[in-house]
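By convention in this document, chain letters (A, B, ...) are assigned in the order of the sequence lines, proteins followed by strands, and residues within each chain are numbered from 1.
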Protein chains: 2
Amino acid sequence: MEVDDLPVTAPESVEAFLARLTQISQGLPRRLRQCADHIAANVDRIAVSTVAELATGADVPPSALMRFCQIMGYSGFSEMQKMFREAYAPGFPDYATRLKNLKQAGSGTASALLAEFVDAGRISLESLVKSTDEAALTTAVELLAQADTLHVVGLRRAFPIASYLAYVFEKMAVPAMLHDSVGKLDHRHALRAGDAVLAITFAPYSEETIALAAEAHGRGLSVVALTDRLTSPLARSADAVLTVPEVDFGAFRSLSATLALALTLAVAVGARRDETA
Amino acid sequence: MEVDDLPVTAPESVEAFLARLTQISQGLPRRLRQCADHIAANVDRIAVSTVAELATGADVPPSALMRFCQIMGYSGFSEMQKMFREAYAPGFPDYATRLKNLKQAGSGTASALLAEFVDAGRISLESLVKSTDEAALTTAVELLAQADTLHVVGLRRAFPIASYLAYVFEKMAVPAMLHDSVGKLDHRHALRAGDAVLAITFAPYSEETIALAAEAHGRGLSVVALTDRLTSPLARSADAVLTVPEVDFGAFRSLSATLALALTLAVAVGARRDETA
DNA sequence: GGCGTTTTGGAACATTTATTCCAAAAATCC
DNA sequence: GGATTTTTGGAATAAATGTTCCAAAACGCC
């Protein structure tokens, strides 16, 4: 069989790959057919396998598999694998590019800026949907629903979230207290047995929030953390950690995803409390 | 840092991995912390990345990443990657599929709620771009950029927006004052000639906000309104009216679009002030 | 500010993995 | 059944990737 039977361009998507696979699969000699079959049955493992592994699985020598890749239109296995690795790529973590876009837009009109922020928000929301830890979310709802008074704490950039949560809890008649640092007052003595803390902070993490969470944790209260990464210092003292993959531009974080998650939490807690009341 | 701080057994599941990650992540030196953060934020890419790629992403040399793997309890990167490759479930489905799955999780569950809020947010963002009055936005930026001190007022559900604006203005060194009603104090005497008011309110409109806007307007200050409809009572005393078509889900609005518009306004004003300074 | 300790970067090295090539085997055709 | 073409396997080679190690820098502690 000639490698260049057709004017070949390498498939650039999983769909195109599959299409070409079915197109060529009849009329293939024995060993190559074995490759095709095994690959077809294990498309989702291509990204994480080596030539040797796939070849063994297909019960052919590595060289046969190489030939197969070439027949598919790629220069070799590496090129083919690259396509699969990129195809499963998550939507956004192209941090650098986005930042550049925003900077360029910053010098433009307000409308251009708006478009950027809207886009950042949309991407954050999509990525939130893809990455939410459902188990952690359920645990968090459960913990907060069982508690007496909820203590919501979040300062600086997290304060808008905290204040919205306080507002929503109030609307739903869930006893909640918003901890701010007005007058540098410290409200930690307000924590009582049976209460729970909902702490929100993002890098650079604010001391006060972490301290309050730690205090509560030390005293045996439930602590739910809403933060940006699992490695956040908040994770230390939390019984449930919810992370939000927000696209972050220094001070200019869109907060869309964070708000959506916070709101979900609040409403779910409210509903859960009604059920069990 | 010693590699064998603890009697280490290499995590054999993604959960165990994440648990250990949070356990060790504080008290890590700078480079290793960078590794931890980047890894935590890209867990789903470990299976399909090389040491070099991950190291570049974390902005550390490859050797630092190797050390990180060892601290996590593995003999090296290969062993760690092996675990992820075995656990590899072919990437999350795309956004649309995942969203559908979440919704089907059953109404009432937190996941289903999340899907709804995300959806509401996305729709709001989309319609924001379509419906924004560019002229009004430009005027608003102009007015706020020329003013001395900015007075940001927004209560109840608008308060999160107002507080975030105050935060962003502060970060950009734009003189701004957040009007809350702590202690029922009224700050209207803080308004001085040359200042401008940025008032935010949604139905049901809050008296205080409208009153402050009216007062400012009466005294000849510029007033920018961020509200839900052109017929809002705020419109009467405003020199520029920005409206946000936010979609509600249940009784609560996601605020995504409102935040995006607010952020745009703030950043545009900050940039404009720098230019003309 | 010197001294021991920890952390870091990168070059050298080792290992794994991909790829090529060609002679042997099988298939096809006359 | 022999000549010609296609297919195959594996050994040899090339490329890439992972890993170690050590000197230099940074840090923390008297």
Distances for protein N or O near nucleotides 19-27 of chain C N or O, under 3.5 Å:
from, atom 1, to, atom 2, distance (Å)
dT19(C), OP1, S78(A), OG, 3.3
dT19(C), OP2, F77(A), N, 2.5
dT19(C), OP2, S78(A), N, 3.3
dT20(C), OP2, Q70(A), NE2, 2.9

If I take atom [atom1] in residue [X] and atom [atom2] in nucleotide [N], what distance separates them, rounded to the nearest angstrom?
X: L32(A); N: dT8(D); atom1: CG; atom2: P; result: 5 Å
X: I71(A); N: dT6(D); atom1: CD1; atom2: P; result: 13 Å
X: E53(A); N: dT17(C); atom1: CD; atom2: C1'; result: 10 Å
X: Q34(B); N: dT8(C); atom1: CD; atom2: C1'; result: 11 Å
X: F68(B); N: dT8(C); atom1: CZ; atom2: P; result: 13 Å
X: R31(B); N: dA25(D); atom1: CZ; atom2: C1'; result: 12 Å
X: F84(B); N: dG18(D); atom1: CZ; atom2: C1'; result: 17 Å
X: Y74(A); N: dA18(C); atom1: OH; atom2: P; result: 16 Å

* **Donor-acceptor pair between D228(A) and Y205(A) side chains, under 3.5 angstrom** =>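 A donor-acceptor contact under 3.5 Å links the two side chains.
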* Asked: Between the side chains of D239(A) and S222(A), does any donor sit under 3.5 Å from an acceptor?
  ->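 Side chains of D239(A) and S222(A): no pair found under 3.5 Å.
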* So, are R192(A) and D195(A) salt-bridged, with charged N and O less than 4.0 Å apart? ->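 The answer is no: the pair does not qualify as a salt bridge.
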* Can a salt bridge be assigned to the pair R219(A) and E215(A) using a cut-off of 4.0 Å between side-chain N and carboxylate O? ->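 Salt bridge: yes.
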* Could I get the full list of side-chain contact (heavy atoms from CB on, under 4.5 Å) partners for E79(B), not counting sequence neighbours? =>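 E79(B) satisfies side-chain contact (heavy atoms from CB on, under 4.5 Å) with A10(B), Y74(B), S75(B) only.
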* For A211(A), what residues pass the side-chain contact (heavy atoms from CB on, under 4.5 Å) criterion, not counting sequence neighbours? ->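 With sequence neighbours excluded, A211(A) shows a side-chain contact (heavy atoms from CB on, under 4.5 Å) to R188(A), given in chain and number order.
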* Out of dT17(C), dG9(D), dG9(C), which nucleotide sits closest to the side chain of T50(A)? ->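 For T50(A), the side-chain atoms sit closest to dT17(C).
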